[in-house]
Amino acid sequence: MLDTTRSCLWLWLLVLGLLLFTTNGAYVPITYVQSAVAKGAVCLDGSPPAYHWDKGYGTGINSWLIQLEGGGWCNNVSSCLVRKNTHLGSSKRMVKQIPFSGILNNKRIFNPDFYNWNRIKVRYCDGSSFTGDVAAVNPVTNLHFRGASVWLAVMEDLLSKGMRNAENAILSGCSAGGLASILHCDSFRALLPMGTKVKCISDAGYFINTRDVSGGHYIQTFFDQLVATHGSAKNLLPSCTSRMKPGLCFFPQYIAQQIRTPLFIINAAYDSWQIRNILAPGIADPHGHWESCKLDIKNCLPSQIKVMQDFRLQFLVALLRLGKSASRGMFIDSCFAHCQTEMQELWFMQDSPLLNKTKIGKAVGDWFYDKKPFQKIDCAYPCNPTCHNRVYDDPHAPHS
């Protein structure tokens, strides 16, 4: 009986392992852009930028999907000094290979529209969503604020390796990378031939300017400091910076309507990162009343759910600034989640979240190929039973 139980357990673990291996797709090695160093296009610590490239094949050989890594930002010298000793500030600290899943998966069953494209994960090591532009390097800190140069160096490297012949191209990204895909959307389009079909996707990158639970403007102050530290103003939209202070031009709600390239916004209306870091950051909740709620939405008190419902309404108002263009796409679910394109179970699996009976992967594919427009906003929490609401283990764990 014991042997039978053990055999069943081993079989279950084997099946689970095989499923995980299968859905994750291939492990893809890192490529360092060594030539970028001479141009000053470097990570916070001065190391070269990097990316992972799984080459396209068959009908996808001239199609390119660029996925910009997320990972927050550093807003001052102190936080950037901490960051430069991590994989988010130095390519020396990055793992040599990573699994490609979700929108990067190389299997048709898990990524039906983009599985055979050239799929690239651009690593994030500048802390400014690829906008930093400070020429001088302080010899004391040895910090390099060169995000905009990193962006251009990586794009030039990919263009030289075949992207200049692209027939189809997507600039995508998650979190800080999703914000970068908005900020760089039109400049990405400008790098490619006129005949290329180019669109952009922002996953969990529509950060909104709103008050925190204490009534303060934590995120606005944070972005003001970020833009000043990194010298980002010159790389933000001039049509925005000419009429408001540069820090505000880091918020998608003030720039998205001016993006000319087709853009698809994927976001949870109760984005877990924004709830944890914009609505109820630690500095606005000194007594920790929100800690349990931020770990798991099921722990939230009715009064906290009401605050989150108000946040959702503010998010939707900010989203309306996108305009009504048919070229825009929207998948706004009512989940407590953050970054849904890179996780296979959220992108395209049997039990993936649905809006209008449609998975994210299907909605994005139909939109890109002009098969069917998709602009859907979910009803309020807790109306969607297909959500995979995120649960955090440690209230002090680093935020993704």
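Just so we're clear, the structure is a prediction, and the values are computed from it rather than from any experiment. Starting from 1, each residue takes its place in the sequence as its number.
- Residues in residues 96-133 take part in these disulfide (SG to SG under 2.5 Å) pairs, two or more places apart or across chains: Cys43-Cys125.
- For the disulfide (SG to SG under 2.5 Å) condition, the pairs that include at least one residue of residues 245-275, sequence neighbours left out, are Cys240-Cys249.
- Using a 4.5 Å cut-off on side-chain heavy atoms (C-beta onward), Asn299 and Gln304 make no contact.
- Enclosure of atom NZ in Lys161 by more than 12 non-hydrogen atoms of other residues, nucleotides or ligands within 6.0 angstrom is indicated.
- The side chain to side chain contact (heavy atoms under 4.5 Å, CB included) test applied to Lys372 returns Asp366, not counting sequence neighbours.
- The pair Glu156-Lys39 counts as a salt bridge, with a side-chain nitrogen and a carboxylate oxygen less than 4.0 angstrom apart.
- Side-chain atoms of Ser172 and Ser181, non-hydrogen and from C-beta on, never get closer than 4.5 Å to each other.
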Kindly list each side-chain donor-acceptor pair under 3.5 angstrom involving residues 91-100, sequence neighbours excluded, with atom names and distances?
residue : atom : partner : partner atom : Å
Ser91   : OG   : Ser47   : OG           : 3.2
Ser91   : OG   : Pro48   : O            : 2.6
Arg93   : NE   : Asn85   : O            : 3.4

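- When the shell of 6.0 Å around CD1 of Ile109 is examined, it contains 12 or fewer heavy atoms from other residues, nucleotides or ligands.
- Here the two rings, on Trp273 and Phe207, have centers that are under 6.0 Å apart.
- Taking Thr386 as the reference, Asn384 meet the side-chain hydrogen bond (donor to acceptor under 3.5 Å, both in side chains) condition, with sequence neighbours excluded.
- The distance between the ring centers of Trp367 and Phe264 falls below 6.0 angstrom.
- With sequence neighbours excluded, the residues that form a side chain to side chain contact (heavy atoms under 4.5 Å, CB included) with Lys197 are Asn168, Lys199, Phe368, Asp370.
- When the side-chain hydrogen bond (donor to acceptor under 3.5 Å, both in side chains) test is applied to Thr86, no partner is found at least two apart in sequence or on another chain.
- Taking the ring centroids of Phe251 and Tyr206, they lie at or beyond the 6.0 Å cut-off.
- For Tyr270, the side-chain hydrogen bond (donor to acceptor under 3.5 Å, both in side chains) partners two or more places apart in sequence, or in a different chain, are Gln309.
- Contact check on Asp126 versus Arg146 returns no salt bridge, with no Lys/Arg side-chain nitrogen under 4.0 Å from an Asp/Glu carboxylate oxygen.
- Without hydrogens or angle criteria, Asn105 side chain to Lys107 main chain gives a donor-acceptor distance under 3.5 Å.
- The salt bridge (charged side-chain N to carboxylate O under 4.0 Å, His left out) contacts involving residues 78-88 comprise nothing, where partners must be two or more places apart or lie in separate chains.
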Identify every side-chain donor-acceptor pair in residues 312-324 under 3.5 Å, counting partners at least two apart or on other chains, and give the distances.
residue : atom : partner : partner atom : Å
Arg312  : NH2  : Asp378  : O            : 2.9
Gln314  : OE1  : Thr210  : OG1          : 2.3

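- Between the side chains of Arg211 and His217, at least one donor N or O sits under 3.5 Å from an acceptor N or O.
- A heavy-atom distance below 4.5 Å is not found between the side chains of Thr196 and Asn165.
- Remark: Thr221 engages no residue in a side-chain hydrogen bond (donor to acceptor under 3.5 Å, both in side chains) (not counting sequence neighbours).
- Taking the side chain to side chain contact (heavy atoms under 4.5 Å, CB included) definition, one finds that Asp113 meets it with Tyr369, Lys371, sequence neighbours left out.
- The aromatic rings of Trp117 and Phe114 sit perpendicular, their planes meeting at an angle over 60°, well past the 30° parallel limit.
- When the shell of 6.0 Å around NZ of Lys359 is examined, it contains more than 12 heavy atoms from other residues, nucleotides or ligands.
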